[in-house]
Chemist: 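Dropping a structure here in structure tokens format, bear with me for questions.
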Amino acid sequence: MHKINLLSIGIGTLSNIAIAAPAIANSDLFLAYPPLEHQTTSDRIFLIGTADPAQSVLVNGEIIDNRSESGHFAPTVPLEMGVNTLTLSQGEDTIEVTVTRLPATPVVSPELGYLVDSLAPQVSIARPAGELICFSAIARPNASISVDWAGKDIILTPASQMVALPPNSAVLVSDNEPLPQAATTYEGCAPMPATGSPGQPTYTVTIDGQVNTHTLPAPVSRLPRVPFQIAEVVAESGVARTGPSTNYSRITPLPQGTRAAVTGIEGDWLRLDYGGWIRASETVIATASAPSQATIRSVTSRQVPGWTEVRFPLNATVPITIDQTADTLTLTLHNTTPQTDTIYLDEDPVIERLDWSPVLPDKAQYRFQFKTAQQWGYKTHYEGTTLVLSLRHPPQLAPGSLSGSRILIDPGHGSENDLGARGPNGYPEKDVNLVVSKLLRDALEARGATVIMTREGDDDLFPGDRVEIINDVEPTLALSIHYNALPDAGDALNTAGIGMFWYNAQAYSLSQFLHDYLVRELDRPSYGVYWNNLALTRPTVAPAVLLELGFMINPYEFEWITDPDAQVELADALADAVEIWMQGTTQ
């Protein structure tokens with residue numbers, strides 16, 4: 001009996017027109033996923049691989065029942081907590097995988113009884129006087145925990161709700177209910193004092209008579225109210241979030257030049273006075289005797305090729321938020337007091353009406369009603385202290401064709417450093433993405449479209465590089481072509497189908513139409529249409545959709561994915577769908 005090394009099996013190359021499957025002999029037993037050493041918090045895992053279809057494949061002695069005609073397999077096996085050894089075998093060939101299942105929620109050691117790393121805050125923070133400062137820890141249920149800070153003894157008590165939230169990816173496997181915590185979270189708060197030096201908090205944890213103290217290295221300090229710290233955004237587009245880390249949701253990006261007072265600091269994140277957080281590295285800080293406030297009077301607009309520019313003259317650059325629905329776009333100017341009595345916009349190809357209202361005490365809101373149900377894109381920037389909101393004009397298509405449109409196709413992943421998902425035989429997603437993208441390019445060009453590709457071969461492109469191309473090109477549509485996989489808790493054998501992902505409301509109609517059309521015309525399963533905060537769905541200059549055209553890890557769907565005739569049929573159907581949608585939304 002001999003073992004086979006997963007990494008010794010070569011991955012085949014790709015022709016420019018159709019998939020050439022890797023040259024793997026039928027006698028080879030191959031495992032594409034998971035790796036030989038793997039960790040997960042899931043209570044199960046799927047095994048994606050292939051072997052000689054004429055012989056049985058076993059997992060820990062049990063025969064894998066469901067395999068495709070080519071011998072591909074994707075069974076799901078349960079996992080015990082801790083180390084699990086999974087042995088795949090076919091004849092004398094074996095592959096041994098070690099999967100370590102970790103707890104999904106924090107677990108405290110029985111010896112210590114609490115998690116030292118859970119003592120919060122773990123980074124330096126600064127808040128103004130009077131704001132609540134909250135402390136927390138994770139420990140056994142019978143712990144006594146207090147914090148000595150700013151001359152106060154703060155008692156931490158068990159949180160009222162003992163659950164943890166699953167990751168965002170849990171929704172992809174329809175399993176996003178809160179999880180019961182294996183340990184107890186303790187919480188307590190006190191206001192930031194107006195005087196004195198608050199200093200570093202010291203925790204005292206008592207469990208079963210054993211007392212431990214920890215003075216946190218990160219200080220909790222008072223943010224002075226005057227002089228004001230004013231942050232100015234120096235990044236081209238400042239990434240604003242709902243909280244002080246990348247775990248928090250994105251909100252409307254802040255245009256370069258935006259200025260706002262800092263009302264809180266947490267590690268290297270700044271809380272701005274309108275509520276959003278931004279990395280300090282995307283700003284420069286100055287001091288001022290007053291916060292940044294603006295007034296606005298008149299609003300004007302002008303047309304430039306392909307766009308209507310709506311100009312908001314301000315006397316200071318303030319934070320903005322944009323709320324987009326299917327038929328409206330609402331711009332909110334924060335830290336702004338209107339002095340407006342009259343607004344006039346000339347006849348425009350995009351705007352039906354502009355309504356505005358003050359939102360006391362310090363906001364102005366502008367709601368645009370459009371002439372067509374479909375919006376085609378927007379962008380913002382500051383020219384001096386004037387905010388410019390640009391609204392995209394609809395494309396002018398020739399009757400019965402895509403002539404007059406510029407469609408960007410982004411073949412997902414690329415290069416040996418970014419394979420994407422892999423099929424049961426190791427075939428990389430990056431290659432099939434490129435094959436289908438080139439077929440789609442040809443089909444769209446045959447219908448009159450001008451097509452821009454983000455890559456034509458194996459190129460190292462980060463998501464940000466692709467977004468930059470979209471923003472520079474300003475296409476009519478942006479389509480990112482992908483094939484799918486699942487988190488460990490998914491069911492690779494029984495999950496298949498077409499999925500679409502969108503972010504901005506202007507992309508919803510397109511994503512839903514493409515999904516419905518492909519499912520119907522190709523008789524494919526539906527995986528669904530998802531709102532998803534992805535780099536390739538976030539561009540605002542055009543409707544941007546990320547397409548997941550099937551599951552690489554599904555043994556049966558993989559054979560459809562790699563069928564050259566099916567690829568041509570898919571590309572033609574997708575081009576038809578784009579043309580029908582475009583013609584229907586521009587008339």
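Residue indices begin at 1 and follow the sequence shown.
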Chemist: If you round to the nearest 0.5 Å, how far is OG1 of Thr40 from CG of Asp488?
Modeler: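 OG1 of Thr40 is found 3.5 Å from CG of Asp488.
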Chemist: Run the side chain to side chain contact (heavy atoms under 4.5 Å, CB included) check on Leu477 and Val578 step by step: do they pass?
Modeler: CA-CA 9 Å; Leu477 304 176; Val578 170; 3.9 Å; yes
Chemist: Can you see which heavy atom on Gly457 is nearest to which on Leu434, and at what distance?
Modeler: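 Closest pair (atom of Gly457, atom of Leu434, distance): CA-CD2, 3.8 Å.
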Chemist: Have Ser526 and His515 got a donor and an acceptor in their side chains that come within less than 3.5 Å?
Modeler: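 Ser526 vs His515: donor-acceptor pair found between side chains.
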Chemist: Is the backbone of Val77 close enough, under 3.5 Å, to the side chain of Arg44 for a donor and an acceptor to pair up by distance?
Modeler: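 Not a single qualifying donor-acceptor pair exists.
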Chemist: Run the salt bridge (charged side-chain N to carboxylate O under 4.0 Å, His left out) test against Glu557 and tell me which residues pass, sequence neighbours left out.
Modeler: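 Result, salt bridge (charged side-chain N to carboxylate O under 4.0 Å, His left out) vs Glu557: Arg524.
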Chemist: To the nearest 0.5 Å, what is the distance between CG on Leu493 and CG on Asn66?
Modeler: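 Answer for the CG-CG pair, Leu493 versus Asn66, is 5.0 Å.
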Chemist: Mind checking whether Arg422 and Ile48 have side chains closer than 4.5 Å, heavy atoms only?
Modeler: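 Side chain of Arg422 against side chain of Ile48, heavy atoms only: no contact under 4.5 Å found.
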Chemist: Side chain of Thr495, backbone of Ala492: donor and acceptor closer than 3.5 Å?
Modeler: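 Checking the backbone N and O of Ala492 against the side chain of Thr495, no donor-acceptor pair under 3.5 Å is found.
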Chemist: Which heavy atom of Pro395 sits nearest to which heavy atom of Gly404, and what is that distance?
Modeler: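 Looking at all heavy atoms of both residues, the shortest contact is CB-O, 4.3 Å.
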Chemist: So, the side chain of Gln506 versus the backbone of Thr540: is there a donor-acceptor pair under 3.5 Å, distance only?
Modeler: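 Present.
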Chemist: Going from CG on Leu479 to CG on Leu514, what distance comes out if it is rounded to the nearest 0.5 angstrom?
Modeler: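 So the gap between those two atoms works out to 6.5 Å.
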Chemist: Say whether, by atom type as modelled, one donor and one acceptor occur between the side chain of Asn433 and the main chain of Gly412 under 3.5 angstrom.
Modeler: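 Confirmed, Asn433 side chain pairs with Gly412 backbone.
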Chemist: So Phe46 and Tyr33, would you call those rings parallel, tilted or perpendicular, with 30° and 60° as cut-offs?
Modeler: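 Rings of Phe46 and Tyr33: tilted, 30 to 60°.
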Chemist: Walk me through it: do Trp581 and Ser509 pass the test side-chain hydrogen bond (donor to acceptor under 3.5 Å, both in side chains)?
Modeler: CA-CA 9 Å; Trp581 183 84; Ser509 171; 2.9 Å; yes
Chemist: Looking only at the side chains, is there a donor atom on one of His413 and Glu429 sitting less than 3.5 Å from an acceptor on the other?
Modeler: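 Yes, side-chain donor-acceptor contact under 3.5 Å.
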Chemist: Quick one: do Glu309 and Lys379 make a salt bridge, cutoff under 4.0 Å?
Modeler: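 Here Glu309 does not pair with Lys379 in a salt bridge, since their nearest N and O are not under 4.0 Å apart.
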Chemist: Give the C-alpha distance, both sets of side-chain angles, the deciding distance and a yes or no for side-chain hydrogen bond (donor to acceptor under 3.5 Å, both in side chains) between Gln375 and Gln324.
Modeler: CA-CA 9 Å; Gln375 298 174 55; Gln324 193 181 31; 2.9 Å; yes
Chemist: What residues form a salt bridge (charged side-chain N to carboxylate O under 4.0 Å, His left out) with Asp458, not counting sequence neighbours?
Modeler: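 Result, salt bridge (charged side-chain N to carboxylate O under 4.0 Å, His left out) vs Asp458: Lys430.
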Chemist: Pairs in or reaching into residues 237-249: which pass side chain to side chain donor-acceptor pair (under 3.5 Å), with residues at least two apart or in two chains?
Modeler: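 Not a single pair qualifies under side chain to side chain donor-acceptor pair (under 3.5 Å).
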Chemist: Hey, are Thr50 and Asn425 close enough side-chain-wise for a donor-acceptor pair under 3.5 Å?
Modeler: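 No.
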Chemist: Looking at Arg447 and Asp576, is there a salt bridge between them, counting it only when a charged N and a carboxylate O are closer than 4.0 Å?
Modeler: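 The answer is yes: the pair qualifies as a salt bridge.
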Chemist: For Asp563 and Asp565, indicate whether the former's side chain and the latter's backbone hold a donor-acceptor pair under 3.5 Å.
Modeler: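 Yes; judged by distance alone, with no hydrogens or angles, the pair exists.
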Chemist: Kindly give the heavy-atom pair with the smallest separation between Pro106 and Ala182, and that separation in Å.
Modeler: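 Closest pair (atom of Pro106, atom of Ala182, distance): O-CB, 3.9 Å.
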Chemist: Looking at every non-hydrogen atom in both residues, tell me the closest pair between Trp560 and Leu522 and how far apart they are.
Modeler: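 Looking at all heavy atoms of both residues, the shortest contact is CZ2-CD1, 4.4 Å.
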Chemist: If you count every heavy atom of other residues, nucleotides or ligands that lies below 6.0 Å from Gln583 atom CD, does the total exceed 12?
Modeler: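 It does: Gln583 CD has more than 12 such atoms within range.
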Chemist: Between Thr330 and Asp323, is any side-chain donor less than 3.5 angstrom from a side-chain acceptor?
Modeler: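 The criterion, which ignores hydrogens and geometry beyond distance, is not satisfied for Asp323 and Thr330.
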Chemist: Give, for atom CE of Met552 and atom OG1 of Thr562, the distance between the pair rounded to the nearest 0.5 Å.
Modeler: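 Result: 8.5 Å between the selected atoms.
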Chemist: Any heavy-atom pair between the side chains of Phe501 and Glu548 that's under 4.5 Å?
Modeler: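 Counting from C-beta outward, Glu548 and Phe501 do come under 4.5 Å.
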Chemist: Is the side chain of Gln567 donor-acceptor paired with the backbone N or O of Val435 at a distance under 3.5 Å, no angle test?
Modeler: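 A pair under 3.5 Å: no.
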Chemist: How about CG on Asn168, more than 12 heavy atoms from neighbouring residues, nucleotides or ligands closer than 6.0 Å, or not?
Modeler: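 Not more than 12 within 6.0 Å, no.
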Chemist: Run Ile320 and Leu331 through side chain to side chain contact (heavy atoms under 4.5 Å, CB included) and show every step you take.
Modeler: CA-CA 7 Å; Ile320 68 168; Leu331 167 71; 4.0 Å; yes
Chemist: Atom CD of residue position Gln369 - does it have more than 12 heavy atoms of other residues, nucleotides or ligands inside 6.0 Å?
Modeler: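 Atom CD in Gln369 is crowded, with more than 12 foreign heavy atoms closer than 6.0 Å.
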Chemist: Could you check whether Arg101 and Asn84, counting side-chain N and O atoms only, form a donor-acceptor pair closer than 3.5 Å?
Modeler: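 The criterion, which ignores hydrogens and geometry beyond distance, is not satisfied for Arg101 and Asn84.
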Chemist: Quick one: do the His381 and Gln256 side chains pair a donor with an acceptor below 3.5 Å?
Modeler: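 Their side chains do not contain a donor-acceptor pair, so the 3.5 Å distance test is not met.
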Chemist: Test side-chain hydrogen bond (donor to acceptor under 3.5 Å, both in side chains) on Asp52 and Gln55 and set out the steps.
Modeler: CA-CA 6 Å; Asp52 182 353; Gln55 300 184 57; 3.2 Å; yes
Chemist: Is there side-chain contact between Thr454 and Pro411, with heavy atoms separated by less than 4.5 Å?
Modeler: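 Contact flag for Thr454/Pro411 side chains = yes.
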Chemist: With rounding to the nearest 0.5 angstrom, report the OG1 to CZ distance, Thr450 to Arg441.
Modeler: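 Taking OG1 in Thr450 and CZ in Arg441, the distance rounds to 13.0 Å.
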Chemist: Between Tyr483 and Phe558, does the side chain to side chain contact (heavy atoms under 4.5 Å, CB included) criterion hold? Intermediate values first, please.
Modeler: CA-CA 10 Å; Tyr483 285 84; Phe558 179 71; over 6 Å; no
Chemist: If only atom types and distance count, is the side chain of Thr325 paired as donor or acceptor with the main-chain N or O of Thr328 below 3.5 Å?
Modeler: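 Answer holds: yes.
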Chemist: Using side-chain heavy atoms (C-beta onward) and a distance below 4.5 Å, is Val233 in contact with Ile278?
Modeler: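 Yes - at least one pair of side-chain heavy atoms lies under 4.5 Å apart.
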Chemist: Donor-acceptor check, side chain of Arg392 to backbone of Val350, threshold 3.5 angstrom: yes or no?
Modeler: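 Looks like no, no N/O pair under 3.5 Å.
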Chemist: Strictly distance-based, threshold 3.5 Å: is any side-chain N or O of Ser70 a donor or acceptor partner for the main-chain N or O of His72?
Modeler: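 No, Ser70 side chain to His72 backbone: no donor-acceptor pair under 3.5 Å.
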Chemist: Does the side chain of Thr308 pick up a donor-acceptor pair with the side chain of Asp348 at under 3.5 Å?
Modeler: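 Per modelled atom types, Thr308 and Asp348 side chains form a pair under 3.5 Å.
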Chemist: Can you tell me if Asn504 uses its side chain to pair, donor with acceptor, with the backbone of Ala507 under 3.5 Å?
Modeler: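 No.
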Chemist: What is the distance from atom CG of Asp459 to atom CG of Asp465, rounded to the nearest 0.5 Å?
Modeler: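 Atom-to-atom, Asp459:CG and Asp465:CG are 10.5 Å apart.
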Chemist: Taking all atoms of both residues into account, what is the closest heavy-atom pair of Leu486 and Ile553, and its distance?
Modeler: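 Smallest interatomic distance, heavy atoms only, reads N-CD1, 3.5 Å.
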Chemist: Taking atom types as modelled, find out whether Glu96 and Thr85 have a side-chain donor-acceptor pair closer than 3.5 angstrom.
Modeler: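 No, Thr85 and Glu96 have no side-chain donor paired with an acceptor closer than 3.5 Å.
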Chemist: Might you point out which heavy atoms bring Ile498 and Leu549 nearest each other, and give the distance in Å?
Modeler: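 Between these two residues, the closest heavy atoms are CD1-O, 3.3 Å.
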Chemist: Going through the distances and angles, do Thr537 and Trp502 end up as a side chain to side chain contact (heavy atoms under 4.5 Å, CB included)?
Modeler: CA-CA 5 Å; Thr537 60; Trp502 62 281; 5.5 Å; no
Chemist: Please determine whether side-chain hydrogen bond (donor to acceptor under 3.5 Å, both in side chains) holds for the pair Asp516 and Gln512, giving the CA-CA distance in whole Å, both sets of side-chain angles, and the decisive distance to 0.1 Å.
Modeler: CA-CA 6 Å; Asp516 293 350; Gln512 188 69 58; 3.1 Å; yes
Chemist: Check whether more than 12 heavy atoms from other residues, nucleotides or ligands sit under 6.0 Å from atom CZ of Phe513, and answer yes or no.
Modeler: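 Check passes, neighbour count above 12.
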Chemist: For the CZ atom on Arg538, are there more than 12 heavy atoms of other groups (residues, nucleotides or ligands in this structure) within a distance under 6.0 Å?
Modeler: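 It does: Arg538 CZ has more than 12 such atoms within range.
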